[in-house]
Amino acid sequence: MKKYSLLLVMVFMTMVAFAQEKKGWEKKSSDEMAMMYAEKVSSKLSLTAEQKEKIKEAQMKRLEDQKELMAKRKDQMADAEDMADETADMKEKRMKIQEDFKDDMQSILNEEQYAKWENMQQEEMKMMKGKHKGDKMKMHKMKDQKMESEDSDDDNSSWK
């Protein structure tokens, strides 16, 4: 019995340790993320060293712009009176950052490379949407379960 208890404690401690570890992109600096992106694009599009460096710079700019936007959003979330207007404004700013990045990529890449890059982007978007759909389904399921439990609590309270 003691062996099983010890084993369970060790397994539990291991799970806790892994759960607290940051995942991939979260623990990387902007410079590291930009380099990783440039490497990925370079391997798929056969870029020159100059193109690779320009893509790294463009990605760095995009990441910094996104960080600034997220910082502003956090500030605005604290003061959430005009949430709808702010959300639309944030979406517009995100789209502007993305359009600027696309323009940078178009000026760096030749036509064939740019066409391949656009296809890569579309595939990544499909994967992200699929991933987020799963997240949304989980959230809806959790909401449904919460509502069901509240309903059952209400039903039980009427019998008391």
Side-chain angles (χ1 to χ4, degrees), residues 11-150:
V11 169
F12 178 73
M13 295 299 285
T14 304
M15 290 173 51
V16 169
F18 280 113
Q20 292 177 353
E21 231 179 76
K22 286 187 175 181
K23 294 188 178 79
W25 290 99
E26 295 173 9
K27 63 181 176 183
K28 303 278 187 217
S29 70
S30 295
D31 191 47
E32 290 172 318
M33 288 192 297
M35 180 54 85
M36 287 172 55
Y37 184 79
E39 291 287 337
K40 175 182 158 186
V41 172
S42 178
S43 69
K44 292 188 179 196
L45 302 180
S46 304
L47 302 179
T48 65
E50 183 181 343
Q51 286 177 314
K52 185 177 172 181
E53 187 60 33
K54 287 181 180 178
I55 286 175
K56 180 185 171 198
E57 291 170 11
Q59 179 69 351
M60 280 288 295
K61 180 180 177 277
R62 180 171 93 166
L63 291 171
E64 293 303 319
D65 290 346
Q66 287 176 338
K67 278 185 181 179
E68 285 178 29
L69 192 61
M70 291 305 290
K72 287 179 186 176
R73 183 170 185 179
K74 283 183 180 179
D75 291 342
Q76 290 174 348
M77 292 297 278
D79 184 31
E81 290 179 10
D82 299 323
M83 244 348 223
D85 293 337
E86 291 173 7
T87 302
D89 186 45
M90 286 291 175
K91 184 175 182 177
E92 188 177 307
K93 288 178 182 176
R94 276 195 322 266
M95 295 301 289
K96 172 78 170 109
I97 291 169
Q98 187 62 25
E99 286 299 317
D100 289 346
F101 183 68
K102 282 179 86 171
D103 292 343
D104 289 344
M105 292 299 285
Q106 193 166 20
S107 69
I108 294 168
L109 302 172
N110 64 35
E111 288 181 27
E112 182 182 327
Q113 290 171 330
Y114 184 75
K116 285 182 183 178
W117 178 79
E118 279 190 317
N119 286 337
M120 284 173 43
Q121 292 295 100
Q122 289 174 356
E123 290 299 317
E124 286 181 15
M125 291 301 290
K126 285 179 187 176
M127 287 178 20
M128 292 298 287
K129 283 184 180 180
K131 180 180 177 182
H132 289 300
K133 275 186 182 177
D135 292 345
K136 286 181 183 178
M137 289 177 71
K138 286 179 189 174
M139 283 194 315
H140 287 299
K141 194 173 190 178
M142 288 172 48
K143 281 183 184 177
D144 290 344
Q145 289 174 348
K146 184 178 178 182
M147 290 174 70
E148 286 175 6
S149 68
E150 287 174 357

Exercise. Going through the distances and angles, do K96 and E92 end up as a salt bridge (Lys or Arg N to Asp or Glu O under 4.0 Å)?
Worked result: CA-CA 6 Å; K96 172 78 170 109; E92 188 177 307; over 6 Å; no
For this session: Tell me, with the steps shown, if M120 and V41 meet side chain to side chain contact (heavy atoms under 4.5 Å, CB included).
Result: CA-CA 9 Å; M120 284 173 43; V41 172; 4.1 Å; yes
For this session: List the steps and the verdict of salt bridge (Lys or Arg N to Asp or Glu O under 4.0 Å) for E123 and K126.
Result: CA-CA 5 Å; E123 290 299 317; K126 285 179 187 176; 3.8 Å; yes
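Among all heavy-atom pairs drawn from S30 and L63, the shortest one is O-CD1, 3.6 Å. Counting all heavy atoms, side chain and backbone alike, Q113 lies closest to L45 at NE2-O, 3.3 Å. Nearest heavy atom pair, residue A38 against residue K52, reads CB-O, 3.7 Å. Contact between S43 and K40 at its shortest, heavy atoms only, is OG-O, 2.9 Å.
A distance of 10.0 Å separates CG in D31 from CE in M33, rounded to the nearest 0.5 Å. Atom NZ of residue K116 and atom CD of residue E111 lie 13.5 Å apart, to the nearest 0.5 angstrom. In this structure, CD on Q51 lies 9.5 Å from OG on S46, to the nearest 0.5 angstrom. Going from atom CD of E124 over to atom CG of N119 covers 11.5 Å, rounded to the nearest 0.5 Å. Here K56 contributes atom NZ and I108 contributes atom CD1; the two are 13.0 Å apart, rounded to the nearest 0.5 Å. Separating the CD atom in E39 from the NZ atom in K44 is a distance of 13.0 Å, to the nearest 0.5 Å.
Under the side chain to side chain contact (heavy atoms under 4.5 Å, CB included) criterion, S107 pairs with no residue, sequence neighbours left out. Residues satisfying the side chain to side chain contact (heavy atoms under 4.5 Å, CB included) criterion with Q98, sequence neighbours excluded, are R62, F101, K102, Q121.
At least one side-chain heavy atom of K61 sits under 4.5 Å from a side-chain heavy atom of D65. Annotation: side chain of I55 is in contact with side chain of L109 (closest heavy-atom distance under 4.5 Å).
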